[in-house]
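The structure appears below as structure tokens.
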Amino acid sequence: MTDIVEKPTQRRSDTSSTSYANRGNDVSPISVVDFADCDQCAQYPNRWSKIREYICAPAAEFMGAFILCLFGCGGNCQTNLSANTRVSASPAGDALSSNICWALGLALGVWISANYSGGHANPAVTIAFATVRGFPWKKVPIYILAQVLGALCGSGVVYATYYHAINLVEGGSNIRTIGVTGDLFATYAADYLPSVSAFFAEFIGAAMLITGILMFTDKKNGPTPPGVLPVGIFFMVLAISSALGMDTGAALNPARDLGPRILTAMVGYGREVFNFRNQYWLWCPILGPIFGMVVAAFFYDAMLYRGPESIWNKPTEEAERHHLHSCARRTNKLHGVADTV
């Protein structure tokens, strides 16, 4: 860009901010240029801005899932480990505080990623939007990978934070059991619960979560003021985990379960984290939320939603022909009348 705008450097007496030495009436190029509002400048002012354009959405999904598991698994650990007298003289939490941590984790994860990736933070949400709302399928694999890695790293930070407390509860650094501390990271069904009921619990919980997301983002229902969506998701997750979380732990999110489960397998809990109940990890906390969200999204869009991005609202060829011939002709007539006036 050849023509750079110049302006005199501000003197110390002209501004209250701390600046370097005065240069009198010296003229210098502007050091900070806002390219965003300039139509004549390049879209990418430097090399990193171009790279960031490609990694921004996956990075946002990674951060969203990271925050979710950081607060969620952290809440589980603080609540359950502090209940052991070898760790704390009095408990530092209960089931409600743990549920609040998961709800806050998802709300903040959505908040940080919404403007950059859509704020999915959940492979089931990504698949549901790709199935029903036209989200590009080519983006689904990288979104899911970022979400799982974010959940893995978030739970890893929690494990490192509570490593010594886990050792006290387990009885040593070389002892790791699912029933004592493994279920603080991944989810496992209660002993009394049959497999079908476990799948159904995850199906229903995930269906209610995607229904809440679709409800909050539906412009016919408000629309939701900016910044309120994470608050609505907070209350939705809090309600689901408080009402439906006892049986399976309310995973509701394949990445939230798979990431921490991989972590536990890596740090000494062994193969049992995957062999539990004949690959419970696959058909309950992964397939349950996916099927629940896809079915609920289909139902919501079929019965209620009227937005053009839904597959239920795609115009037929006859409707498109009618629009091109009738509506376009009417628009042309209106433009003709306006020109004559």
Is there a side-chain contact between L184 and L81, using heavy atoms and a 4.5 Å cut-off?
yes

Over 60° means perpendicular and under 30° means parallel, so tell me whether H120 and F129 are parallel, tilted or perpendicular.
parallel

Measuring only between side-chain heavy atoms, which start at C-beta, is V132 closer than 4.5 Å to Y300?
no

Is there a side-chain contact between Q147 and N122 (heavy atoms, below 4.5 Å)?
no

Is the shortest distance from a Lys or Arg side-chain nitrogen in D301 or R133 to a carboxylate oxygen in the other one below 4.0 Å?
yes

Hey, does P289 have a side-chain heavy atom less than 4.5 Å from the side chain of L252?
no

For N167, what residues pass the side-chain hydrogen bond (donor to acceptor under 3.5 Å, both in side chains) criterion, not counting sequence neighbours?
R176

Between F274 and Y280, does the ring centroid distance fall short of 6.0 Å?
no

Within 6.0 angstrom of W312 CH2, more than 12 heavy atoms from elsewhere:
no

Filter on side chain to side chain donor-acceptor pair (under 3.5 Å), then keep only pairs touching residues 105-117, sequence neighbours left out; what's left?
E61-S117

Classify the side-chain pair N278/W283 by whether it contains a donor and acceptor separated by less than 3.5 Å.
no

Counting neighbours of CE on M208 that are heavy atoms of other residues, nucleotides or ligands and sit closer than 6.0 Å, is the number greater than 12?
no

Would you kindly say whether T264 and Y159 are connected by a side-chain donor-acceptor distance under 3.5 Å?
no

Any L152 side-chain heavy atom under 4.5 Å of L258 side chain:
no

For Y192, all residues meeting side chain to side chain contact (heavy atoms under 4.5 Å, CB included), sequence neighbours excluded:
A190, M246, D247

